[in-house]
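Have a look at the structure below, then the notes.
These values consider heavy atoms only, across backbone and side chains, with no hydrogens, waters or symmetry-generated copies.
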Amino acid sequence: MALGFLNKMIGLKVAAPPTERTHRVAGRELPLRIVENARAKRLTLRIEPGGRGLRITVPPGLSRSREVEAFLDRHTGWLEEKLKKLPERPVVRAGIKIPVRGEPHLIVHETGRRGAAHVATRDGAPVLVVYGDPEHLPRRVADFLKREAKRDIEALVARHTATIDKRARAIRFRDTKSRWGSCTSDGVLSFSWRIMMAPPLVIDYLVAHEVAHLREMNHGPRFWKLCKELSPETDRCKDWLKRNGTALQAVGFE
């Protein structure tokens with residue numbers, strides 16, 4: 001309360017908490033997040049990767065205004081056109097294929113048995129075997145990817161941090177919508193577990209990218225030089241994520 005009072009006394013605008021609701025467009029009900037930003041001079045609209053939602057950034061005081069509704073109405077055509085170009089959003093279920101480390105795996109559901117989802121081979125082809133009730137299958141597949149991410153990425157972090165003689169304070173895994181990874185100024189690394197659907201080389205690049213930030217908290221020439229030392233195929237992997245990242249973000253685990 002004291003901080004809010006001080007802000008008012010010196011004339012600073014205090015941003016309200018984000019507003020979350022849904023917005024119907026192009027036959028879809030999409031989550032809509034309205035975020036106030038003290039530095040914003042105008043309203044901006046963004047489609048989250050994979051078409052998983054919408055985000056509007058507004059100047060302070062506008063999050064619940066009619067101007068937001070008018071802004072959405074004016075951009076209906078733009079949204080419809082952009083959403084048409086996005087890949088279909090497949091929902092994880094038995095009988096479809098999902099990439100694991102870049103290789104398509106057929107999801108096989110087996111009832112009457114318990115256990116964690118695991119990779120196997122059947123008729124010479126890779127499969128992802130999932131047990132339990134059908135309604136829990138998407139969550140169990142997500143849990144599998146999270147376990148694999150923790151195992152692979154923690155090992156890669158250890159290798160790359162040893163190379164640059166830095167330590168990560170913590171490693172976290174999330175289902176982030178706007179970025180594949182991040183590094184805080186105090187050394188906390190975060191990764192999207194969805195990256196486990198990408199090829200191993202791309203996974204390694206992502207880890208190298210975030211570990212490089214432990215030394216260079218920027219995207220300047222020295223950062224990219226270090227990133228390429230850790231991951232020589234940096235440019236190739238960046239291009240792969242640019243071309244395929246949206247499709248990975250589009251996979252539904254709900």
- Query: With sequence neighbours excluded, what pairs up with K225 under the salt bridge (Lys or Arg N to Asp or Glu O under 4.0 Å) test?
  - Reply: E229
- Message: In this structure, would I96 and V108 fall into the same cluster of hydrophobic residues linked by side-chain contacts under 4.5 Å?
- Response: no
- ring-ring contact (aromatic ring centres under 6.0 Å, His included) filter on F173, not counting sequence neighbours, yields none
- Query: Does K150 pair with E148 as a salt bridge, N-O distance under 4.0 Å?
  - Reply: no
- In S192, S182, S190, the residue satisfying side chain to side chain contact (heavy atoms under 4.5 Å, CB included) with T176 is S192
- Query: Would the number of heavy atoms belonging to other residues, nucleotides or ligands and lying under 6.0 Å from CZ of R46 be above 12?
  - Reply: yes
- Message: I'd like to know whether CG of N218 has more than 12 heavy-atom contacts from other residues, nucleotides or ligands below 6.0 angstrom.
- Response: yes
- Pairs where residues 189-216 contributes a residue and the test ring-ring contact (aromatic ring centres under 6.0 Å, His included) is met, not counting sequence neighbours: W193-F253, Y205-H209, H209-H213, H209-H219, H209-F223, H209-W224, H213-H219, H213-F223
- Task: Report whether V129 and L137 are members of the same hydrophobic cluster (ILVMFWY, side-chain heavy atoms less than 4.5 Å apart, transitive linking).
- Result: no
- State which residues pass side chain to side chain contact (heavy atoms under 4.5 Å, CB included) with P134; sequence neighbours excluded, sorted by chain then number. H109
- Note on the structure: Quick note, salt bridge (charged side-chain N to carboxylate O under 4.0 Å, His left out) partners involving residues 68-78, not counting sequence neighbours, are R21-E69
- Considering residues at least two apart in sequence or located in another chain, which fulfil the salt bridge (Lys or Arg N to Asp or Glu O under 4.0 Å) criterion with R147? none
- Query: Which residues, ordered by chain and number, are linked to L201 in its hydrophobic cluster, where ILVMFWY side chains connect at heavy-atom gaps below 4.5 Å, directly or through other members?
  - Reply: none
- For the hydrophobic clusters of this structure (ILVMFWY residues joined by side-chain heavy atoms under 4.5 Å, transitively), does one cluster hold both F144 and L106? no
- Task: Sorted by first residue and then second, give each salt bridge (charged side-chain N to carboxylate O under 4.0 Å, His left out) pair with at least one member in residues 130-142; sequence neighbours left out.
- Result: R139-D143
- Message: Just to verify, what does K166 make a side chain to side chain donor-acceptor pair (under 3.5 Å) with, not counting sequence neighbours?
- Response: none
- Can you list every side-chain hydrogen bond (donor to acceptor under 3.5 Å, both in side chains) pair that touches residues 114-129, not counting sequence neighbours? E110-R122
- List for me each residue that meets side chain to side chain contact (heavy atoms under 4.5 Å, CB included) alongside T76, sequence neighbours excluded, and say none if there are none. V25, E80
- Query: Is the backbone of D235 close enough, under 3.5 Å, to the side chain of D239 for a donor and an acceptor to pair up by distance?
  - Reply: no
- Query: What is the minimum heavy-atom distance between P200 and R101, and which atoms define it?
  - Reply: CD-O, 3.3 Å
- Task: State plainly whether one hydrophobic cluster holds both V92 and V127, where clusters connect Ile, Leu, Val, Met, Phe, Trp and Tyr through side-chain heavy atoms under 4.5 angstrom apart.
- Result: no
- Task: Not counting sequence neighbours, list each pair that qualifies as a salt bridge (charged side-chain N to carboxylate O under 4.0 Å, His left out) and has a residue in residues 206-220.
- Result: E216-R222
- Message: Can you confirm whether L30 sits close enough to L83 that some side-chain heavy atom of one is under 4.5 Å from a side-chain heavy atom of the other?
- Response: yes
- Message: Count I, L, V, M, F, W, Y as connected when their side-chain heavy atoms are under 4.5 Å apart, and connections chain through other members. Are W78 and V58 then in the same cluster?
- Response: yes
